[in-house]
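Notes follow once the structure below has been shown.
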There are 2 protein chains.
Amino acid sequence: MANSRDRAREAAATRGRGAGAIDDAGDAGQAGHAGQAGHTARAEARPPAAPEPAGPQAARGGGRPASRRRQKSAATREAILAAALDEFSARGYAAARLDDVARRAGVAKGTIYVHFRDKETLFEELVRAYLGPVINGVATAPGEDLSVRAFAERVVDTFVREVLGTRRKDVLRLVLTEGQRFPQLAHIHYREVVNRALPFVRESLKRAYERGEMKSDALVRFPQLLVAPGLMAVIWDALFSRFEPLDAAALMRAHLDLILEGEGAP
Amino acid sequence: MANSRDRAREAAATRGRGAGAIDDAGDAGQAGHAGQAGHTARAEARPPAAPEPAGPQAARGGGRPASRRRQKSAATREAILAAALDEFSARGYAAARLDDVARRAGVAKGTIYVHFRDKETLFEELVRAYLGPVINGVATAPGEDLSVRAFAERVVDTFVREVLGTRRKDVLRLVLTEGQRFPQLAHIHYREVVNRALPFVRESLKRAYERGEMKSDALVRFPQLLVAPGLMAVIWDALFSRFEPLDAAALMRAHLDLILEGEGAP
DNA sequence: TTACACTGACTGACCAGTCAGTCACTTTGG
DNA sequence: CCAAAGTGACTGACTGGTCAGTCAGTGTAA
């Protein structure tokens, strides 16, 4: 948002908040490649890594019949989200044009508004769709009372595999770079990701600290320190990889090395 | 840049590159509060922390006479840069309006174009003006063969004091969040900041490592790890300080604590 | 007088969002 | 089983507000 065209609508848009977003009518299942070519281009079936944007409340209201029409509609929604990720990542939110998103998704511009209230909602739904699944994974992780080393390795490995190794890193980067201008988005991300992951990490490390496994309580006070290099890597990649590529996985291993020097063995 | 209005000009703009930017005609001395109120508002004399945007090649061509007119012109340039920092920080590059920058600086919009070729150049000059000085400080730092602890503390303290403690943190944040869309800017920042600071840190730490002061060579291979939490703090502040303020200085101290556990004493 | 910083109304491109219309599919009821 | 009626996803030309950049004109220091 933030050009005044958007500002103008903001008051109106605010009314629609509070309860979940208006337009996740679709249950947005497994993408499924259901749609055959319509009468336009249609989404070039992006080959690598299906988005798996399983909506937060899938199958709401008791699961509608999933007719061919509904399947195709869900596929269209997926295509738009994937295209939006491409465009937003490449140009940034403000400079991305919905005309381009539509073209890339193989639909007409109006179709975007069938599935999403406006540009900002599209952005929010994009973040939810891609980052939602991981979140549920994080808080559910068992990992009761592993050694510091084992625990830290697990957290870092998960981060490397599930975020840095997928398109989610692009979504994360969008959150980091655009979040300031979308208080709504920053709030969601804080509530759903940060405020679930950090306390979890903090508690686990606290127990380890009390078991005497660590000399410093730094990680207990600032669990952020565990992933900080990961966030830096996401940004480095966008800014400097042309000049000096950064092996994020190696970076994270070195980081673990550094902060676990001598602490509890695997 | 990056909406097609800008893209359209891009080809033309490219011609102007290569040699230093066209419009740093001013030597942009010490800001000096020279300008008294003109016939409009005039820059509300922002009180805290004068920008000190001493241009890279100050006094080019042998120092022009610094008449009253030139002083006022330089002050106007400063005011525009300061206003641009405010607006870009608050709204992001794309959504910031030059009308607002002009109003905040107390000048007419046209005046901006007297001092800067276009919006993008204004942004680049802004970064140069604020981040340039530190850079020269970094590479000149003596610090030959301190202990790891002393050295790391010095680097981190400098970062906390000179960046996190000033408006430069806002400029740094702009680089981190907008850099991807400004290859030019990312390149400058890599060349002038990253590629000067990192090798310096790396070399110093390498010597310390060879002296046997550190168990792990992680910091030698990835000197980025030293400041990664600082970058995270800059972003955290913009996104989450409302929900959970982060004491960046304490974070950095904890970080040092963590990575220097037991290594060479001060 | 000259030169130059500065002014601000104006232009043209641009793009989010709209809406009347189309058409493929689904449902109904014969 | 098959039309006819109904539904809603989809289309794309169009509108209106926005804003970067321009330029003829003004005032003042040199």
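Atoms considered below: every heavy atom in the structure, side chains included; atoms not considered: hydrogens, waters and symmetry mates. First the proteins, then the strands, lettered A, B, ... as listed; each starts at 1.
Note that the CG atom of A:Leu231 and the CG atom of B:Leu231 stand 10.0 Å from one another [nearest 0.5 Å]. To the nearest 0.5 Å, the span separating CZ on A:Phe182 from CD on A:Glu120 amounts to 5.5 Å.
The distance from atom CG of B:Leu122 to atom P of D:dG21 is 10 Å, rounded to the nearest whole Å. As a whole-Å value, the separation of B:Leu98 CG from C:dA13 P is 19 Å. In this entry the distance linking NZ of B:Lys119 with C1' of D:dA20 reads 8 Å, nearest Å. For B:Ile112 and D:dT22, the CD1 to P distance is 13 Å, given to the nearest whole Å. The distance from atom CG of B:Asp118 to atom P of D:dC19 is 18 Å, rounded to the nearest whole Å. Rounded to a whole Å, the CZ atom of A:Phe116 is 15 Å from the P atom of C:dA16. Taking atom CD on B:Glu120 and atom C1' on D:dC19, their separation rounds to 16 Å, with Å as the unit. Protein atom CZ of A:Phe123 is 14 Å distant from nucleotide atom P of C:dA16, rounded to whole Å.
Nearest to the side chain of A:Tyr113, among D:dA20, C:dG17, D:dA30, sits C:dG17.
Under the ring-ring contact (aromatic ring centres under 6.0 Å, His included) criterion, B:Phe159 pairs with no residue at all, not counting sequence neighbours. Looking at residues two or more places apart in sequence or on another chain, you find a ring-ring contact (aromatic ring centres under 6.0 Å, His included) between B:Tyr190 and A:Phe240, A:Phe243.
Side-chain N/O atoms of B:Lys109 and base N/O atoms of D:dG21 include a donor-acceptor pair closer than 3.5 Å.
The existence of a salt bridge linking B:Arg77 and B:Glu125 is confirmed by a sub-4.0 Å separation between a basic side-chain nitrogen and an acidic carboxylate oxygen. Using a 4.0 Å cut-off between charged side-chain N and carboxylate O, B:Arg242 and B:Asp237 make no salt bridge.
Closest of all the heavy-atom pairs between B:Ser89 and B:Asp170 is OG-CB, 3.6 Å.
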Would you tabulate the nitrogen or oxygen pairs shorter than 3.5 Å linking the protein to nucleotides 4-9 of chain D?
unit_1: D:dT7; atom_1: O2; unit_2: A:Arg69; atom_2: NH1; d: 3.2
unit_1: D:dT7; atom_1: O2; unit_2: A:Arg69; atom_2: NH2; d: 2.6

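Nearest-nucleotide assignment on DNA chain D puts the 5′-proximal partner with A:Ala108, out of A:Ala108 and A:Asp99.
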